[in-house]
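Down below is the structure, laid out as structure tokens.
This chain uses plain numbering: 1 for the first residue, then up along the sequence.
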Amino acid sequence: MDRLGRLLLLSELRVRNAAYDVSLSRSLLSWKRRVSSPVYHPFRPSMCHSVPVSEIISVREEEEENVSKQIDDEGSWKKIREGERKDCRQTFTVSYVERCRQHRWRCAEVTFTCPDRVLCQSWVSSIREQLASITSRPKHLLIYINPYGGKRQGKRIYEQKVAPLFAHAGILTHVIITEHANHARDHLRTNAELKKFDGVVCVGGDGMFSEIIHGLIWRTQINSGIDVNCPDETLTPCSLRIGIIPAGSTDCICFATVGTNDPVTSALHIIVGDSQPMDVCSVHHNNSFLRYSVSLLGYGFYGDVLTDSERKRWMGPARYDFSGLKMFLTHNYYEGTVSYLPAKGIMGTPRDAARCRTGCVVCQHNGQKAEKYELDETSDCESDGEWRTIRGKFLAINAASMSCACPRSPKGLSPAAHLADGTTDLILVRKCSRFNFLRHLLRHTNKDDQFDLNFVEVHRVVRFRFTPRHCQSDSDLELDLLDNSKSQIFSQICRDHPACGCAPAYSSWNCDGDILTHMAIDVRVHCQLIKLFARGIEKPQVFEDLSNPCAL
């Protein structure tokens, strides 16, 4: 807590008819109950509380309606307000963030009673001045709601759980309900007046978030005069932060940046103005831009699962389990060549025990080296022969720019991946038996090192390329995919019924839940290209800091 000389206010106020010493500094609001008895009680629960000013949501002034009773002239009891006889004591209520289990946040309140109106107004104005001085807090937000994603609950979640909190915090909103796929992306590219807003919020799942970043990044690069089709271009970071209110089938981004898929928690992170930088991968094919990726690029197993599940959307979220089991039993492998540029001079490896958390030192250290990587990559690295090449048969090729943790996989595909270190973890799973592949998949859910298998290798890279073996011309492969000839029909039957022993020559790339139309791709990591209204996953604290007596 700040020293006494730095306090802005210090008063004796009442909370629930108990006397408290309440103090306000530029960083902390604290209230400590006055103890009348000098006897020390070691097992008495602490009556001291403190809240960072940055986590105060709002403050409002109220009148305390004290009611007493008296007997009227007819002998019956009559309620009268104290205000009819003397001035009401004034109260003010402070709303603040309260932490719950599993990284959830809730809005809590405490009401202070002041002896007079002047003191109450002084407290309210002082707290509001401190809140107004926090420039990171958004004042005007552009919000896109996907009413069809997940269980079609996006509009209801926003109206019932999020909108009241934004109004309580005094945040102005402009809400757009999307009407079709890529509505939000196209609006951000062309019509949105971004200068009016402090941030963009999407209410939906990972697909809706993908629309937002594609529209926002594209708009930023066009305004900066950057050619998005050139894979060697250094992209300009987006100035507006992005908020996610989870309301989809999968909320991988929320789990990685907040730790939970709770909409109230995400709304509170937006209100307090948190900021979490995040890497973005650009995906190109033959100097033509395809997509951006922030979580997973998967070829082989995860690409096949997505392709098969898209044909079974009528099953709802259960389609992922069904398609996952089907692809596991099919056990297809694919031949190809992977070339990658390893990250150098960085902290951390993909097999570290440490995880990316709030205030991650790995992201801070490696982020400072990102500019040097971008300069060296195009000028020196290729000529020096630092690219490394691996050829083989693979069950899966995955690039994880974050842990990709979710309820189905609490550890994620790469538990030690970082959100903002300018790298992605390239995971190569070579051809192996079904039993061994099952061992690898099961390690996503336990504490074992999932990369400690002789058929699995992982590399922390800043760029990589992939070329499938069976298509020297990727455009020829696309023509085959679009051809509805008999041979294509028979090959489809073979893929659905692997007993015939025919293995397909190609898979599809799963790019954050979308299927890429090309197999041969060039992927580059852009360090901290976007920022989210988040702070990373907070470290669980079983015991608070004992050096701060008000934290007990």
The reported gap from CG in Leu24 to CG in Leu29 (rounded to nearest 0.5 angstrom) is 6.0 Å
How about NZ on Lys411, more than 12 heavy atoms from neighbouring residues, nucleotides or ligands closer than 6.0 Å, or not? yes
Could you check whether Glu310 pairs with Lys312 (Lys NZ or Arg NE/NH1/NH2 to Asp/Glu carboxylate O, under 4.0 Å)? no
Check this for me: does any side-chain nitrogen of one of Arg106 and Asp262 sit under 4.0 Å from a carboxylate oxygen of the other? yes
Rounded at 0.5 Å granularity, tell me how far CZ in Arg33 sits from OH in Tyr20. 5.0 Å
Using 4.0 Å as the upper bound for N to carboxylate O, is an ion pair formed by Glu98 and Arg104? no
Should Leu165 and Cys107 count as side-chain neighbours, where that means a heavy-atom distance under 4.5 Å? yes
Please assess Glu12 against Lys32 for the test salt bridge (Lys or Arg N to Asp or Glu O under 4.0 Å), listing each intermediate value before the final yes or no. CA-CA 10 Å; Glu12 180 184 340; Lys32 182 178 181 180; over 6 Å; no
Going by distance alone, is a donor N or O of one side chain under 3.5 Å from an acceptor N or O of the other, for Arg291 and Ser210? yes
Check this for me: does any side-chain nitrogen of one of Arg357 and Glu538 sit under 4.0 Å from a carboxylate oxygen of the other? no
Among residues at least two apart in sequence or on other chains, which ones pass salt bridge (Lys or Arg N to Asp or Glu O under 4.0 Å) with Asp352? none
Do the rings of His214 and Phe289 sit parallel, tilted or perpendicular, given the 30° and 60° boundaries? tilted
Given the side-chain rings of Tyr144 and His183, with only the six-membered ring counted for Trp, is the space between their centroids under 6.0 Å? no
Excluding sequence neighbours, so at least two apart, what forms side chain to side chain donor-acceptor pair (under 3.5 Å) with Lys139? none
Less than 6.0 angstrom separating the ring centers of Trp123 and Phe112, yes or no? no
Just so I know, are the side chains of Tyr292 and Cys281 near enough to count as touching, which here means a heavy-atom distance under 4.5 Å? no
To the nearest 0.5 Å, how far apart are CD in Gln90 and CZ in Arg117? 4.0 Å
Between Arg60 and Glu109 (salt bridge meaning N to carboxylate O under 4.0 Å), is one present in this structure? yes
Of Ile56, Leu131, Val97, which meets side chain to side chain contact (heavy atoms under 4.5 Å, CB included) against Val272? Val97
